Chemist: 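Starting off with a structure, shown below.
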Amino acid sequence: MIKIVIADDQALVRAGFRALLDAQPGMTVVAEASDGAQAVRLAAEHEPDVVLMDIRMPGMDGLTATRRMPPGPRIIILTTFELDEYVFEALRNGASGFLVKDTEPAELIQAVRVVAGGDALLSPGVTRRLIAEYASRAKPPHPSRDLGLLTDREREVLSLVGTGMTNDEIAEKLFMSPATAKTHVSRTMMKLHARDRAQLVVIAYESGLVRPGWV
């Protein structure tokens with residue numbers, strides 16, 4: 001059973017999401033929060049698998065709440081605009097992806113399943129646009145000692161993940177099988193203590209391994 005917490009300051013939005021998700025087999029909404037502080041408390045209390053987090057809320061916003069979340073839940077940022085100015089920062093702070101609020105119901109349900117299963121909710125196209133739009137606003141690159149833990153091949157794979165490539169695209173570019181590409185990505189995540197693919201994109205940028213204009 002996938003346990004979900006919904007954090008949004010609009011009661012009607014919460015009610016709509018709850019009705020949709022509770023109707024799905026294998027899903028249950030365990031709590032609702034009207035602001036970020038309440039979301040953090042409820043996540044600690046209920047230990048959900050997924051938190052649907054509105055990025056703009058009064059009091060503690062979704063960005064701060066994402067940063068203060070206890071370990072465990074995967075966070076999907078809800079935003080009105082696809083490239084909200086805070087989305088890249090939210091990914092840096094631990095979010096696994098984002099959805100626009102007017103997304104189709106089937107896409108929301110699939111998103112919850114994808115994130116609960118451990119994958120990031122970032123299509124390659126969205127990743128590339130995020131990079132192009134916001135990477136130049138990110139913190140200045142700084143060398144990461146953790147990158148020294150990677151093999152040359154893993155560094156190469158990380159740079160390609162950072163440009164928004166899928167495992168199949170990485171495999172084609174590096175002349176390897178998709179399974180091998182997936183293994184390299186998984187090992188890189190483990191070595192860098194990355195929660196998911198979204199975190200790898202952030203690491204690739206903040207380490208300077210990938211820079212704006214490369215994609």
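Predicted model only: the values in this text are computed from it and were never measured.
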Chemist: Among all residues two or more places apart in sequence or in another chain, which pass the side-chain contact (heavy atoms from CB on, under 4.5 Å) test with Pro105?
Modeler: Leu20
Chemist: Using a 4.5 Å cut-off on heavy atoms from C-beta on, say whether the side chain of Val40 contacts that of Thr64.
Modeler: no
Chemist: With Phe17 as reference, evaluate Leu108, Val29, Val112 under the side-chain contact (heavy atoms from CB on, under 4.5 Å) test and give the passing residue.
Modeler: Leu108
Chemist: May I have the step-by-step check of side-chain contact (heavy atoms from CB on, under 4.5 Å) for Val185 and Asn167, ending in yes or no?
Modeler: CA-CA 8 Å; Val185 172; Asn167 289 345; 3.5 Å; yes
Chemist: Can you sort out the partners of Ser186 under side-chain hydrogen bond (donor to acceptor under 3.5 Å, both in side chains), two or more places apart, ordered by chain and number?
Modeler: none
Chemist: Tell me which pairs pass salt bridge (Lys or Arg N to Asp or Glu O under 4.0 Å) where either residue lies in residues 57-74, with sequence neighbours left out.
Modeler: Arg74-Asp196
Chemist: Could you note down all residue pairs passing side-chain hydrogen bond (donor to acceptor under 3.5 Å, both in side chains) where residues 35-45 supplies at least one of them, sequence neighbours left out?
Modeler: Ser34-Gln38
Chemist: Hey, could you give me the CG/OG1 distance between Leu78 and Thr103, rounded to the nearest 0.5 Å?
Modeler: 9.5 Å
Chemist: side-chain contact (heavy atoms from CB on, under 4.5 Å), that's the test. Do Leu200 and Thr188 meet it? Break it down for me.
Modeler: CA-CA 8 Å; Leu200 286 184; Thr188 301; 4.0 Å; yes
Chemist: State plainly whether one hydrophobic cluster holds both Leu42 and Met53, where clusters connect Ile, Leu, Val, Met, Phe, Trp and Tyr through side-chain heavy atoms under 4.5 angstrom apart.
Modeler: no
Chemist: How long is the straight-line distance from CZ of Arg197 back to OG of Ser96, given to the nearest 0.5 Å?
Modeler: 13.0 Å
Chemist: Can Leu149 and Leu192 be said to form a side-chain contact (heavy atoms from CB on, under 4.5 Å), step by step?
Modeler: CA-CA 8 Å; Leu149 300 174; Leu192 298 180; 5.6 Å; no
Chemist: Taking only residues two or more places apart in sequence, or in another chain, which ones meet Gln10 in a side-chain contact (heavy atoms from CB on, under 4.5 Å)?
Modeler: Asp8, Val13, Lys101
Chemist: Calculate, to the nearest 0.5 Å, the distance between atoms CG and CD1 belonging to Leu209 and Ile203 respectively.
Modeler: 10.5 Å
Chemist: Please list, chain by chain and in numerical order, all residues satisfying side-chain hydrogen bond (donor to acceptor under 3.5 Å, both in side chains) with Arg18, sequence neighbours excluded.
Modeler: Asp22, Glu32
Chemist: Would you check if Val161 and Ile170 make a side-chain contact, meaning some heavy-atom pair closer than 4.5 Å?
Modeler: yes
Chemist: Find out whether Val157 and Leu174 are in side-chain contact, i.e. whether some heavy atom of one side chain is under 4.5 Å from a heavy atom of the other.
Modeler: yes
Chemist: Is any NZ, NE, NH1 or NH2 atom of the basic residue among Glu154 and Lys191 found under 4.0 Å from an Asp or Glu carboxylate oxygen of the other?
Modeler: yes
Chemist: Is there a side-chain contact between Ile109 and Arg113, using heavy atoms and a 4.5 Å cut-off?
Modeler: yes
Chemist: Are Thr180 and Thr183 linked by a side-chain donor-acceptor pair shorter than 3.5 Å?
Modeler: no
Chemist: Please name the pair of heavy atoms, one in Ile76 and one in Ala111, separated by the smallest distance, quoted to 0.1 Å.
Modeler: CD1-O, 3.9 Å
Chemist: So, the side chain of Glu169 versus the backbone of Thr166: is there a donor-acceptor pair under 3.5 Å, distance only?
Modeler: yes
Chemist: Might you point out which heavy atoms bring Met69 and Ala43 nearest each other, and give the distance in Å?
Modeler: SD-CB, 3.5 Å
Chemist: Please walk me through it: do Met27 and Lys3 pass side-chain contact (heavy atoms from CB on, under 4.5 Å)?
Modeler: CA-CA 6 Å; Met27 292 186 186; Lys3 298 189 297 181; over 6 Å; no
Chemist: Counting C-beta onward and ignoring hydrogens, is there a side-chain heavy-atom pair between Pro48 and Ile4 closer than 4.5 Å?
Modeler: no
Chemist: Let me confirm one number: the CG-CG distance from Asp54 to Leu63, rounded to the nearest 0.5 Å.
Modeler: 12.0 Å
Chemist: Does the side chain of Ile77 come within less than 4.5 Å of Ile75's, by heavy atoms?
Modeler: yes
Chemist: Quick check: does any side chain N or O of Ser207 sit under 3.5 Å from a backbone N or O of Ala204, one acting as donor and the other as acceptor?
Modeler: yes
Chemist: In Å and rounded to the nearest 0.5 Å, what is the CG to CG distance from Leu147 to Leu158?
Modeler: 6.5 Å
Chemist: According to side-chain hydrogen bond (donor to acceptor under 3.5 Å, both in side chains), who are the partners of Glu156, at least two apart in sequence or on a separate chain?
Modeler: Arg153
Chemist: Can you sort out the partners of Asp49 under side-chain hydrogen bond (donor to acceptor under 3.5 Å, both in side chains), two or more places apart, ordered by chain and number?
Modeler: none
Chemist: Show the nearest heavy-atom pair for residues Ala194 and Gln199, with the distance to one decimal.
Modeler: CB-CB, 3.8 Å
